[in-house]
There are 2 protein chains.
Amino acid sequence: MPRSKSYDENMVLEHAMHVFWSKGYKATSVRMLEKEMGINQFSIYSSFINKKKLFIKSIRKYGEHVRQNVYNILLQENSGMKELEFFLLNTAQKKREPATSRGCLVVNTAAELGGSDDEITSEVNGYFNFIRDMLKKVLQTAVEKGEISPDTDIEKQSAFFLGVMQGLSVASKTMDPDQLNDFVSIALKQIK
Amino acid sequence: MPRSKSYDENMVLEHAMHVFWSKGYKATSVRMLEKEMGINQFSIYSSFINKKKLFIKSIRKYGEHVRQNVYNILLQENSGMKELEFFLLNTAQKKREPATSRGCLVVNTAAELGGSDDEITSEVNGYFNFIRDMLKKVLQTAVEKGEISPDTDIEKQSAFFLGVMQGLSVASKTMDPDQLNDFVSIALKQIK
DNA sequence: TAGATTTCTAAGCAATTGTTTAGATATAGG
DNA sequence: CCTATATCTAAACAATTGCTTAGAAATCTA
């Protein structure tokens, strides 16, 4: 009997994610979301309840996005040091593209909202746990492949590379490509 | 003939800086600034023109603050590797104190506002140039003292440690003290 | 002490914020 | 082809935003 939705919740959520990614949480108004998502405020609230819940869903969507388009190589079963090296040098080089100068949505969120909201904080922590777990696995594989020393302290190194990636997100907005390259190169050289 | 100001512009600016530091630019309202600075909106606008200009002055004030209270050791003429090591391990350990979980105001600003405003962007860049120059000098001294190899590429290493410090600001909000320690330890070990 | 001049108080401004609501519109099942 | 029910449009909501203003209060010079 009911009327059917004229939009795909998954599609409009992806648009919302990009707005939050570009502008940050506070600077994104519901009016902007309306335009960018292509649906009315009523529809936003009926699908996502309120702005904060939409933001949290956007962070999750961002997680899906990077899994598929950014960390896909690192998430492959046999990815090791070569892939990590390629990934880091590659993201350092991508600086010129404006899409990269947005940095990481989750790093931006951690910086903007700090620990001011519990739900958002736990979402942020969940994301970084995922990144660290991914790094652990990559480093473990690298050891098994003999690319790095079997004495490598994977726990410490995964914390290190997570820190480097967080720094990279900020640095991508403030450093030129050469400096970014230096930063990443030294981070990598250290483990060889 | 005129009436005299009942507040010290320098004092109230310091209070404004702390509000921006804790809450970020967008999340800080002029009403909050009124309360925290202890003066009326009229006085805020008569002394600082508008919110953005007050924010920029707050960033500069933050620069003074860290020069005197955070980087004072590193800024001493003969500071080298020992001081850099002490500084990094120390800030990694200070995590439990809530004052530290605010991260760095300028990193937060870079993340929140990206390149959305030219004046603010150039203020952010100026700050990071100062940090990198400070690091260069410290590393140069470390070479002269024989603490690190004379072959050290100071340009690259200063970019690296700047990136580490930017990462540290984000990580201080998301990592536990042990992980922070691991992050910093590896960053330091690499140069020895 | 008088008066010129600035600072302060506090109310008010229009614009924007997140969120809600009333009524028109469309659609699937009987 | 109805009609129940959900979706949409668009206007409105109170609260808050950054900023301004009119008038009262205070102070230094003369």
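All chains are named by letter (A, B, ...) in the order of the sequence lines, taking the proteins before the strands, and each is independently numbered beginning at 1. Computed from a predicted model, the values in this text were never measured in an experiment.
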S.K.: Looking at C:dC8, I'd like to know if its phosphate oxygens (OP1 or OP2) sit under 4.0 Å from a side-chain N or O belonging to B:Ser46.
M.R.: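 No, because none of the side-chain N or O atoms of B:Ser46 sits under 4.0 Å from OP1 or OP2 of C:dC8.
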
S.K.: Once you apply a heavy-atom cut-off of 4.0 Å, does A:Ser47 come out as touching a base, just sugar-phosphate, or nothing?
M.R.: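 Touches nothing.
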
S.K.: Give the rounded distance in Å between these two atoms: CZ of A:Phe42 and P of D:dA12.
M.R.: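 Distance, rounded to whole Å: 18 Å.
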
S.K.: From NZ of B:Lys35 over to P of D:dT16, roughly how many Å is that when rounded to an integer?
M.R.: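 Going from NZ in B:Lys35 over to P in D:dT16 covers 10 Å.
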
S.K.: When you measure from the centre of the six-membered ring of B:Phe20, is the NZ or CZ of B:Lys51 under 6.0 Å away and within 45° of the axis?
M.R.: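 B:Lys51 over B:Phe20 ring: no.
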
S.K.: Do B:Leu54 and B:Leu13 come close enough that some side-chain heavy atom pair is under 4.5 Å?
M.R.: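 Yes, at least one pair of side-chain atoms sits under 4.5 Å.
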
S.K.: Just to confirm, is there a sub-4.0 Å distance from OP1 or OP2 of C:dT16 to any side-chain nitrogen or oxygen of A:Ser29?
M.R.: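 Looking at the OP1 and OP2 atoms of C:dT16, neither is under 4.0 Å from any side-chain N or O of A:Ser29.
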
S.K.: How many whole angstroms separate atom CD of B:Glu34 from atom C1' of D:dT16?
M.R.: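 In whole Å, D:dT16 C1' and B:Glu34 CD are 13 Å from each other.
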
S.K.: How many Å lie between NZ on A:Lys51 and P on C:dT19, as a whole number?
M.R.: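 Taking atom P of C:dT19 as the reference, NZ of A:Lys51 is at 8 Å.
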
S.K.: Taking 4.0 Å as the cut-off, does a side-chain nitrogen or oxygen of A:Ser4 come that near to OP1 or OP2 on D:dA6?
M.R.: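 Looking at the OP1 and OP2 atoms of D:dA6, neither is under 4.0 Å from any side-chain N or O of A:Ser4.
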
S.K.: How close or far is atom C1' of C:dT19 from atom CG of A:Leu33, stated in whole angstroms?
M.R.: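 Whole-Å distance recorded here is 13 Å.
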
S.K.: Ion pair present between B:Lys192 and B:Glu147, side-chain N to carboxylate O less than 4.0 angstrom?
M.R.: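 No, B:Lys192 and B:Glu147 are not salt-bridged.
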
S.K.: Over how many whole Å does the gap from B:Asn40 atom CG to D:dT20 atom P extend?
M.R.: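 Rounded to whole Å, this separation is 14 Å.
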
S.K.: What integer distance in Å separates B:Gln41:CD from D:dG18:C1'?
M.R.: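 Whole-Å distance recorded here is 8 Å.
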
S.K.: Of the listed nucleotides (D:dC8, D:dC19, C:dT19), which one gets closest to any side-chain atom of B:Tyr45?
M.R.: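 Per side-chain heavy atoms of B:Tyr45, the pick is D:dC19.
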
S.K.: Round to the nearest Å and state the distance from A:Arg31 atom CZ to C:dG18 atom P.
M.R.: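 A:Arg31 atom CZ is separated from C:dG18 atom P by 7 Å.
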
S.K.: Heavy atoms under 4.0 Å, any strand shown: does B:Phe48 hit a base, just sugar-phosphate, or nothing?
M.R.: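 B:Phe48: no heavy atom of the nucleic acid under 4.0 Å.
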
S.K.: Are B:Phe55 and B:Phe48 close enough that their ring centers fall under 6.0 Å?
M.R.: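 No: the rings miss the under 6.0 Å criterion.
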
S.K.: Can you work out whether A:Lys5 or B:Ile49 has the more 5'-proximal nearest nucleotide on DNA chain D?
M.R.: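 The residue whose closest nucleotide sits nearer the 5' end is A:Lys5.
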
S.K.: Looking at B:Lys61 and B:Glu64, is any side-chain nitrogen of the basic one under 4.0 Å from a carboxylate oxygen of the acidic one?
M.R.: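 Salt bridge: yes.
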
